[in-house]
Each structure stands twice: as structure tokens, then as C-alpha cells.
Novice: 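Here's a structure for you.
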Amino acid sequence: MAEPAELEERYPPRELPPAAEVTRFAPSPTGWLHIGGIFTASVNLDVARHSGGVYLLRVEDTDQARFEAESLSQFEMGFQYFGIQADEGGEGADATGRYGPYRQSARGDLYMAYVRDLMRRGLAYPCFETPEQAEARAARQKATGALPGYYGEWATWRDAPQDQVRTRLAAGDPYVVRFRSPGLSGHRVSFTDVIRGEITADDNRNDIVILKRSDSPLRLPTYHLAHVVDDHLMRVTLVIRGEEWVSSVPLHHQLFDALGFDRIRYAHVAPLMKQDGGSRRKLSKRKDPEASVGFYLEQGFPVEAVQYYLRGLANARLAEMPLGEALAEPLRLDEFGVAGPLLDMVKLDDISADFVASLSGEEILERVGSWADAHDAPLAAVVRAQRALALRALSVERGQGVASPRKDLRKWADFRAVYGYFFPEVFQPVTDAADPRFGGVSPDLVRALAKGFADGYLPPSPGVPWFDQVRALSASLGFAPSQKAYLRDPDAYPGSIADASGAIRVLITGTRKSPDLEAVCAALGTDEVLRRARAVG
RNA sequence: GGCCCCGUCGUCUAGUGGCCUAGGACGUCGCCCUCUCAAGGCGGUAACGCCGGUUCGAAUCCGGUCGGGGCUACCA
């Protein structure tokens, strides 16, 4: 096993420009990433990139109980989708690199080297307290109003006689290793957080566990030791992590000091929140589907939209910029809000709709296609087989010369519902004249409208007011020429032009809500229009 | 309970003692456009948690209070 001095040489300081930051994102493999994780990872990446530094990914798999095997591939899918490419440690389990390994389960020897070092120097000690005893201790502390933790009179193994320790060791009794905290009760410490400024808090005086129980298959460190050892050895310069860690900083500083490492700067970012009844709470993967990165992939939210939204939450200034500019603009840590923002899916929808509306039909089709490949294979097949039709459908009220492009797509999962009827493979012809979708127009009139429309059908052509044929047909069947006219004297008409064209719309599209009928008919082609119009019996 | 952090429209926020009658964006409501939608145009709605203090003057400073969040694990 290596000595600390050798490790210093094995992992020397990086040769980087002065202002370059080495950042990292260190998720635990417990399923899909949390969307807040994507947020934090993006911030780390952004800071490293814009400072000319290095962004690395480290997998914190020290919790055997919560480990989920598929996490690693889900991480990769998530990072790939959001374009978060790590400079080091990014290629999953086999990641190699100058400062690796990048999975904590593969770094056992490193942690052990430092635990041994601390023990030799009397800064750590074995503790034979059983889980049951720990529970009893916590209960007694609670009952007597004492602060929880392993300290003072409660720290029974802190200064246990050497021979007692040796006996237990010889007997093979399981133990954990605890850090001998130098913290004094009532002692205050302060530090500067890059986002939150100066923070003063009680010093840590708890002898926390740094090495987990000796009877587990792998001898693993707790987060605290792993963080300090890893971020030092990987020569990280700025730890950007979730706010839940702020209160551990005094402890982490003690660990850095005890190990003889330089302290690292911290930036703690506020967590994404969720409205829950009258109050708010941390967005939770367990309770909130939108907390999981898998949700965004399944729904097919455009990455740019999600990133734009998230960046706007981080730096409000960026939310006021156009999307492209905001994505290129460096994030500024000192502009971060310190209170956790509510994740507003309505706002995200709005941003997404705007973004999709800025795309060309080709671009949309490209993205819908690759989304469907993974999440809706039948749709993928249709869209690829009918590329020309799909492009015609996506050119309806979209593309150059259109003043306000359609905003009916927010995410790729919407495509089937919003554009599905263009495709004969997806569309179900409406055959029943009494179908409720005709909205109160009598079956006889529906049949008359269908027949009249089909028999006299004039395909769209430039310069011809196509809709006039619908007006004429509508009028010939007694419908009012406008909604206003109808409302003035409802008894005089079977409905208005809106009802008549609505019925035709249902025949052609299966829904009362669709874009301009002429444009839809142009995209479908005459044969298909007539087939649909004649489907009703 | 202890420690830390935070408190401006429903949401994200602008605001750093007078430019604040508190601005913007999303939402929401209304009107217009209109063959239905998605949009678009125009207009409205809505906030400084509360109580004291400092000051000629406070959203901005101070104290208290209330509310919210985080941590308090052999989870990260």
C-alpha cells in the first residue's frame, strides 16, 4: 500500500493556466439522475470550460445497499442527451485517465492508505460500537436532550485502552474507523462559499465514521473521507455541489487539515423545489416524475429548451436573453440565487414551444425520428417511410415567410397526438355520422357535408380562395355564414359555418382542433382527402 | 430540540436609502383577429410576510417575530 507522499507524486498538481478551475460532478448510482444533477453537472462543466480548466465525472458507488446496476448506462444516456461531456471519467465503468480511477469502489486502496496514515498519527481510531448500541445511544441522547453524535462522554472508543482494542481486533470483531475530530464544543468557524458568501457555524466536534464496517465485502469509505481524498488527489480546485452539504464544510475542513491537504473552495447550489400543498420541498425522484432525467428523455423535451430554462434559473439575467445567446454566455457563480427555485413545468413548456417553433421542419423531423427510435418504434417507422408527407405536415404554418409559426409541439412525445392524423397508418377514418366529434351537427347533415365536399372537391391551388367551396357548401345546406349571424338567430340555422367546417375538419383530421384546413388538405393530397371524406356512412 | 441558509406578484425575478404610483417574463383574465386549434396583437390582474426602530425619506439599514428550506446516518 502506498504512502501519502507517494500518492502526492502519483497525482501531482495539474499544469493549467492560473485561472483554470478543475470541477467535478459526483453522482451516486441509484437510478436515473435527478434533473437537479443535470443542473449541477452543467454548472460544473460550464465553469471548467469557460475558465480553460477540466471537468471530471466521478461515480460515488460506496453505498452497496442503494446501488442500481442500470444507473451507469442511465447516467450516460442522460449526459449524452444533455451534451454534458466530461474531460475525465466520462466513459462509464472503464474510465481511465491521469487522475483515475473515477469510481470510488475502485479506489479502496487509496482510501485505506489515508485511513492507515490517520490511525498511525492518532487522528483516527477503531470503534466497536454495534449498530444496536448506536441506536441506543441516539435514543438516550434524544431523551436527555443531548446533541446527537459521537463525541465527549458518548465517544466510548475514542480513548479506549490499547489492550482492549487489541483484544477486540484479535477476536475479529467488526468495527468502523472514526475520525478523531479536533473540534471543541462551542467553537465557531467561518468560511467563504463562492455562491453564498461568508458563513459562520459551529465547528464539527463529532467523531464521524470515515471507514465503514469491517465485515462488509468491500472496505469502503463514507462520503466525507471519499470527498476529501478524491477531490484532493484529482486536484479539483472548486467543488460545486448541492446545498445539503453546506453544514458539512467544517467537518470537511478538519479532514483536509488532518490529512495535510490544501483546502478546496466550495460553491453550494440551491436545490430545485416543488410546490407541495401550501409549502415547498425539494424535488424528489421518488414522488415527482419530473425530477428524473428519464422523464425528459421519454417525453423528448428539446435539450436546448431545458438547458435554457435551467440556466435562467441559475442566472436570471440569462432568462432575459435569446436562447442561443444565453446558452453561450458563461454562468456566473456570484449571480446564483441562494433560495431554491420552484421547477415550473408550465414555463418549460412555453420555452420548449418557442424553441421548437424556431426549428425548420427538417430539424423537427430529425429530432422526432431519433426520439421515436428509442420511445415509439411504430411512429419512427411511419415517419421514416413517409418522410415527404411528414415534411409537408411540418410545413403547415411553419417555415420561411410565416409570421407566427405554429407552437403546437413542446416535446417529441406530443408529435403523435398533434401530427399523427397526417399519416394514413396512424389516422383512423371517421365512419359514423353520429360520432360525437361532429359536435351536434345531425348525422344527415354530416353525410350531406361529406358528400358535397367530396363530390365538388377542388384541390388547393395558388391564387384560388380554397375555403370558398366550404362556404358555398355550408350555405347551400342552410348553415349561417358566420358565428355572429348564427347567434343573432339560432333558430334559423342548423348551425354556423364554424359547425359545418368543423364537421369537415373532423372527417379530414379526426379532431376539431387542427391547423388551417386548406393547408392540411394540401399536405394530404387529393386522394387521401377524398378517401377520408367518403369514409363516413 | 440544535446549527446554517432564505423571505418582492401564483412562478422566476429586477431592485443595494429618494429615479418605485415597485419594472420584466411565464401564468391568468378580457378584448381583437378568426372556419376550429396552436399562435399573434392590445389591455387588465397580481407582490415588498408581520411588528417595531434608524432616517426628512426604507422593498432597500437594524432588532424582533412569523414562515419556508437544509443538515443533525456505517445515504450521498
Side-chain angles (χ1 to χ4, degrees), chain A residues 26-30 60-63 65-66 104 127 129 131 134-135 138 142 145-149 174-178 188 193 196-197 199-202 206 208-214 216 220-224 226-227 241-250 268 270-271 273 275 278-282 309 312-313 316-317 319-320 337-351 353-354 357 396-398 402-410 418 439 467 470-471 474 479 481-483 496-506 509 511-518:
Chain A
S28 293
T30 58
E60 309 227 323
D61 55 347
T62 56
D63 186 355
R66 294 200 306 160
Q104 292 184 330
C127 167
E129 182 182 63
E135 219 170 288
K142 190 170 177 159
L147 263 20
Y175 64 96
V176 298
V177 175
R178 286 186 182 274
R188 306 276 293 171
D193 181 280
R196 318 175 86 87
I199 295 172
T200 303
D202 284 342
N206 188 186
I208 56 106
V209 172
I210 53 176
L211 195 65
K212 294 181 187 180
R213 210 167 147 85
S214 57
S216 66
L220 291 169
T222 58
Y223 172 85
H224 303 104
H227 152 237
R241 60 175 12 175
E243 180 197 59
E244 65 271 23
W245 295 111
V246 202
S247 45
S248 302
V249 170
H268 290 95
M273 308 295 284
Q275 190 76 44
S279 67
R280 35 175 77 186
R281 38 154 253 256
K282 249 166 108 171
Y309 175 57
L313 247 27
R317 183 176 47 96
E320 315 273 307
V338 286
L342 234 37
L343 187 67
D344 184 349
M345 294 307 281
V346 174
K347 176 90 180 184
L348 211 213
D349 275 350
D350 177 74
I351 290 175
D354 277 344
V396 171
E397 293 172 25
R398 199 189 297 278
V402 176
S404 60
R406 291 197 73 74
K407 293 190 178 173
D408 49 7
L409 279 178
R410 303 178 223 291
V418 182
F467 195 72
V470 178
R471 285 186 208 281
S474 166
F479 287 90
S482 73
Q483 191 65 14
S496 75
I497 174 77
D499 298 304
S501 74
I504 293 173
R505 186 182 305 281
V506 168
T509 68
T511 167
R512 298 186 65 84
K513 301 172 177 182
S514 86
D516 181 72
L517 250 191
E518 177 181 3

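Letters A, B, ... mirror the listed sequences (proteins, then strands); counts begin at 1.
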Novice: Regarding A:Pro27, tell me which of base, sugar-phosphate or nothing describes its non-hydrogen contacts under 4.0 Å with the strands shown.
Specialist: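 No contact.
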
Novice: Does B:C4 have its OP1 or OP2 closer than 4.0 Å to a side-chain nitrogen or oxygen of A:Arg188?
Specialist: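 The answer is yes; a side-chain N or O of A:Arg188 sits under 4.0 Å from OP1 or OP2.
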
Novice: What is the minimum heavy-atom distance between A:Ala357 and A:Arg406, and which atoms define it?
Specialist: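 Minimum heavy-atom separation between A:Ala357 and A:Arg406: CB-O, 3.6 Å.
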
Novice: Rounding to a whole Å, what distance do you find between A:Glu243:CD and B:C3:P?
Specialist: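 So the CD-P distance, A:Glu243 to B:C3, works out to 18 Å.
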
Novice: So if I take every side-chain heavy atom of A:Glu60 and compare against B:A76, B:C74, B:C12, which nucleotide ends up nearest?
Specialist: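 Of the candidates, B:A76 comes closest.
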
Novice: Of A:Asp408 and A:Leu343, whose closest RNA chain B nucleotide lies nearer the 5' terminus?
Specialist: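 Between the two, 5'-proximity favours A:Leu343.
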
Novice: Does the side-chain ring of A:Phe467 sit on the six-membered ring of the B:C35 base, less than 5.5 Å centre to centre and under 30° in tilt?
Specialist: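 The ring of A:Phe467 is stacked on B:C35.
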
Novice: Please measure how far the P atom in B:C29 lies from the corresponding atom in B:C37, and state the result in whole Å.
Specialist: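 Result for the P pair: 15 Å, nearest Å.
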
Novice: Applying a 4.0 Å non-hydrogen cut-off, can you work out what A:Glu129 is touching in the nucleic acid: base, sugar-phosphate, or nothing?
Specialist: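 Contact class for A:Glu129: base.
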
Novice: How far, in whole Å, is B:U65 from B:C5 if one measures between their P atoms?
Specialist: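 Between the two P atoms, the distance is 16 Å.
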
Novice: Name the closest nucleotide to the A:Val209 side chain, picking from B:C74, B:C35, B:A38.
Specialist: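 The listed nucleotide nearest to A:Val209's side chain is B:C74.
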
Novice: If you take all heavy atoms of A:Leu342 and A:Tyr309, which pair is closest and at what distance?
Specialist: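 Heavy atoms only, the tightest pair is O-OH, 3.6 Å.
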
Novice: Are A:Pro131 and A:Arg213 side-chain neighbours, meaning at least one heavy-atom pair lies under 4.5 Å?
Specialist: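 Contact flag for A:Pro131/A:Arg213 side chains = yes.
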
Novice: Find which nucleotide of RNA chain B each of A:Ser404 and A:Gly145 is nearest to by heavy atoms, and output the residue with the more 5' nucleotide.
Specialist: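 The answer here is A:Gly145.
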
Novice: By nearest atom, which of the nucleotides B:G1, B:A76, B:C6 is closest to the A:Ala339 side chain?
Specialist: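 Among B:G1, B:A76, B:C6, the one nearest the side chain of A:Ala339 is B:C6.
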
Novice: Select base, sugar-phosphate, or nothing to describe what A:Glu320 touches, counting heavy atoms under 4.0 Å on all strands.
Specialist: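 Since a base atom lies under 4.0 Å of A:Glu320, the category is base.
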
Novice: So what does A:Thr200 hit on the nucleic acid, given a heavy-atom distance under 4.0 Å: a base, only sugar-phosphate, or nothing?
Specialist: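 Sugar-phosphate only.
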
Novice: With a 4.0 Å cutoff (strictly under), does any side-chain N or O of A:Lys212 reach OP1 or OP2 of B:C75?
Specialist: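 Indeed, a polar side-chain atom of A:Lys212 lies that close.
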
Novice: Is any NZ, NE, NH1 or NH2 atom of the basic residue among A:Asp408 and A:Arg398 found under 4.0 Å from an Asp or Glu carboxylate oxygen of the other?
Specialist: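 Salt bridge between A:Asp408 and A:Arg398, a charged N being under 4.0 Å from a carboxylate O: yes.
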
Novice: Rounded to the Å, how far apart are A:Gln275 CD and B:G27 P?
Specialist: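 Result: 18 Å.
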
Novice: Looking at B:C35, I'd like to know if its phosphate oxygens (OP1 or OP2) sit under 4.0 Å from a side-chain N or O belonging to A:Ser496.
Specialist: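 Answer is no, no contact under 4.0 Å.
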
Novice: Compare the minimum distances between each of B:A25, B:C5, B:U11 and the side chain of A:Arg196, then state the nucleotide with the smallest one.
Specialist: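 When the side chain of A:Arg196 is considered, B:C5 is the closest of B:A25, B:C5, B:U11.
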
Novice: At under 4.0 Å between heavy atoms, what does A:Ser28 touch on the DNA or RNA strands: base, sugar-phosphate, or nothing?
Specialist: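 Result for A:Ser28 = sugar-phosphate.
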
Novice: For the side chain of A:Asp516 and the base of B:C35, is some donor closer than 3.5 Å to an acceptor across the two?
Specialist: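 Looking at the base of B:C35, it does pair with a donor or acceptor on the side chain of A:Asp516 (distance under 3.5 Å).
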
Novice: What distance, rounded to whole Å, do you find between the two P atoms, one in B:C56 and one in B:G23?
Specialist: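 Each nucleotide's P atom is 28 Å from the other's.
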
Novice: Nearest whole angstrom, please: distance from the P of B:G2 to the NZ of A:Lys142.
Specialist: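 Between P of B:G2 and NZ of A:Lys142: 13 Å.
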
Novice: Measure from the side-chain N and O atoms of A:Asp193 to the backbone N and O of A:His268, and report whether any donor-acceptor pair falls under 3.5 Å.
Specialist: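 A pair under 3.5 Å: yes.
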
Novice: Using the C1' atoms only, state how far B:C9 lies from B:G15, rounded to an integer number of Å.
Specialist: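 Their C1' atoms lie roughly 14 Å apart.
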
Novice: What contact category does A:Ile199 fall into here, base, sugar-phosphate, or nothing, at under 4.0 angstrom with non-hydrogen atoms?
Specialist: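 Sugar-phosphate: the residue A:Ile199, judged by heavy atoms under 4.0 Å, touches backbone atoms but no base.
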
Novice: Below 4.0 angstrom from OP1 or OP2 of B:G40, is there any side-chain N or O of A:Lys407?
Specialist: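 So the side-chain polar atoms of A:Lys407 do come within 4.0 Å of the phosphate oxygens OP1 or OP2 of B:G40, strictly under.
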
Novice: Is there a Watson-Crick or G-U wobble partner for B:G30 with both distances under 3.5 Å, and which nucleotide is it?
Specialist: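 B:C42 is the nucleotide pairing with B:G30.
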
Novice: Taking any heavy-atom pair under 4.0 Å as a contact, classify A:Lys282: base, sugar-phosphate, or nothing.
Specialist: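 Sugar-phosphate contact only.
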
Novice: Any idea which of B:C35, B:G1, B:C26 is nearest the A:Leu147 side chain?
Specialist: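 Taking heavy atoms from C-beta onward, the closest nucleotide is B:G1.
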
Novice: Calculate the interatomic distance between A:Leu342 atom CG and B:C26 atom C1'; express it in whole Å.
Specialist: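 To the nearest whole Å, that distance equals 13 Å.
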
Novice: If the C1' atom of B:C32 is compared with that of B:C66, how far apart are they to the nearest Å?
Specialist: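 Result for the C1' pair: 46 Å, nearest Å.
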
Novice: For B:C48, what is the paired nucleotide under Watson-Crick or G-U wobble rules, both distances under 3.5 Å?
Specialist: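 Partner of B:C48: none found under 3.5 Å.
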
Novice: CG of A:Asp349 versus P of B:U28: gap in Å, rounded?
Specialist: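 Taking CG of A:Asp349 and P of B:U28, I get 11 Å after rounding.
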
Novice: Looking for any heavy atom pair under 4.0 Å, which part of the strands does A:Arg471 touch: base, sugar-phosphate only, or nothing?
Specialist: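 A:Arg471: backbone/sugar contact only, no base atoms under 4.0 Å.
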
Novice: Taking the inter-plane angle between the rings of A:Trp245 and A:Tyr223 on a 0 to 90° scale, is it parallel (under 30°), tilted (30 to 60°) or perpendicular (over 60°)?
Specialist: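 The rings of A:Trp245 and A:Tyr223 lie parallel, inter-plane angle below 30°.
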
Novice: Under 4.0 Å between any heavy atoms, over every strand shown, what does A:Val176 touch: base, sugar-phosphate, or nothing? Just pick one.
Specialist: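 Base, at least one base atom sits under 4.0 Å.
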
Novice: A:Arg410 side chain: which of B:A39, B:G1, B:C35 is closest?
Specialist: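 When the side chain of A:Arg410 is considered, B:A39 is the closest of B:A39, B:G1, B:C35.
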
Novice: Taking the P atom of each, how far is B:U55 from B:U16, in whole Å?
Specialist: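 Each nucleotide's P atom is 23 Å from the other's.
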
Novice: Is there a donor-acceptor contact under 3.5 Å linking the side chains of A:Ser514 and A:Arg505?
Specialist: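 Result is yes, a qualifying pair exists.
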
Novice: Would you please confirm or rule out a distance under 4.0 Å between OP1 or OP2 of B:G67 and any side-chain N or O of A:Arg280?
Specialist: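 Looking at the OP1 and OP2 atoms of B:G67, neither is under 4.0 Å from any side-chain N or O of A:Arg280.
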
Novice: Just name whichever nucleotide pairs with B:C3, Watson-Crick or G-U, keeping both distances under 3.5 Å, else none.
Specialist: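 Partner of B:C3: B:G70.
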
Novice: Please determine whether any donor N or O and acceptor N or O are separated by less than 3.5 Å between the side chain of A:Arg406 and the base of B:C37.
Specialist: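 Yes, the side chain and the base share a sub-3.5 Å donor-acceptor pair.
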
Novice: Using atom P of each nucleotide, how far apart are B:U13 and B:C6 to the nearest Å?
Specialist: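 After rounding to an integer number of Å, I get 14 Å for this pair.
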
Novice: Using a heavy-atom cut-off of under 4.0 Å over every strand shown, decide if A:Val346 touches base, sugar-phosphate, or nothing.
Specialist: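 The answer is sugar-phosphate, as A:Val346 gets under 4.0 Å only of primed atoms, P, OP1 or OP2.
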
Novice: Has the side chain of A:Thr509 got a donor or acceptor atom that lies under 3.5 Å from a matching backbone atom of A:Thr511?
Specialist: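 Yes; judged by distance alone, with no hydrogens or angles, the pair exists.
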
Novice: Using purine N1 to pyrimidine N3 plus N6-O4 or O6-N4 for Watson-Crick, or N1-O2 and O6-N3 for G-U wobble, both under 3.5 Å, which nucleotide pairs with B:U21?
Specialist: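 Partner of B:U21: none found under 3.5 Å.
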
Novice: What is the distance, rounded to the nearest whole Å, between atom CH2 of A:Trp245 and atom P of B:C71?
Specialist: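 So the two atoms are 9 Å apart, to the nearest Å.
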
Novice: In whole Å, what is the span from the CZ atom of A:Arg213 to the C1' atom of B:C75?
Specialist: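 One finds 17 Å between C1' of B:C75 and CZ of A:Arg213, rounded.
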
Novice: Tell me the interatomic distance from A:Ile210, atom CD1, to B:A73, atom P, rounded to whole angstroms.
Specialist: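 After rounding, the reported distance stands at 17 Å.
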
Novice: Give A:Thr62 one of three labels, base, sugar-phosphate or nothing, depending on what nucleic acid heavy atoms sit under 4.0 Å from its own.
Specialist: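 It contacts sugar-phosphate atoms only.
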
